[in-house]
Amino acid sequence: MAGYQRRTALSPTDVLAKADDFLPTLLGLSKSKGSSHGASFAGEEGTVTLSAHRHGPYTEVVASTDRLRTSKLDYEIQRFLN
């Protein structure tokens, strides 16, 4: 229900590696799908789908959740993207 977008100098591989560390630890989410440009995580807090694509000097990261913007999941996703 909520979507977030950020740009970073990190590569898509680095972004997804950080998500692999951050999301299971803080939210108890498990990786349900993964590729070189995206991943999905699911758990009791909800579901988040990440995509990361390189565009020149930066990577565009898009995160979509199935929760309202006021949920713990959305708060932590915004924190991850910052």
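Scope of the values below: all heavy atoms of this structure, side chains included, with no hydrogens, waters or symmetry mates.
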Open item on the list: For the OG1 atom of T65 and the CG atom of D74, what is their distance to the nearest 0.5 Å?
Closed with: 3.5 Å
Task: D14 (side chain) donor-acceptor with L10 (main chain) under 3.5 angstrom - done: no
Open item on the list: Can you give me the closest heavy-atom contact between L81 and A63, atom names plus distance?
Closed with: CD1-CB, 4.1 Å
Open item on the list: Could you measure the distance from the CD1 atom of I77 to the NZ atom of K72? Nearest 0.5 Å is fine.
Closed with: 12.0 Å
TODO: Taking the side chain as every heavy atom from C-beta outward, state whether R7 and V61 have any atom pair closer than 4.5 Å.
DONE: no
Open item on the list: I need the minimum non-hydrogen distance between R54 and P12, along with the two atoms involved.
Closed with: N-CG, 3.9 Å
Counting only pairs under 3.5 Å, give me each side-chain donor-acceptor contact of residues 18-26, with atom names and distances, residues two or more places apart or in other chains.
| residue | atom | partner | partner atom | Å |
| --- | --- | --- | --- | --- |
| D20 | OD1 | K31 | NZ | 3.3 |
| D20 | OD2 | K31 | NZ | 3.4 |
| T25 | OG1 | D21 | O | 2.7 |

Open item on the list: Has S40 got a side-chain atom pairing as donor or acceptor with S32's backbone, closer than 3.5 angstrom?
Closed with: no
TODO: Spell out, yes or no, whether Y4 and V15 are grouped together once hydrophobic residues are joined by side-chain heavy atoms under 4.5 Å, including indirect joins.
DONE: yes
Open item on the list: S51: which residues meet the side-chain hydrogen bond (donor to acceptor under 3.5 Å, both in side chains) condition with it, sequence neighbours left out?
Closed with: none
Donor-acceptor contacts, no H, no angles, side chain residues 41-50, under 3.5 Å, sequence neighbours left out:
none

Open item on the list: If I take atom CZ from residue F80 and atom CG from residue L27, how far apart are they, to the nearest 0.5 angstrom?
Closed with: 11.0 Å
TODO: First locate atom CZ of R6, then atom CD of E60, and finally report the distance between them rounded to the nearest 0.5 Å.
DONE: 11.5 Å
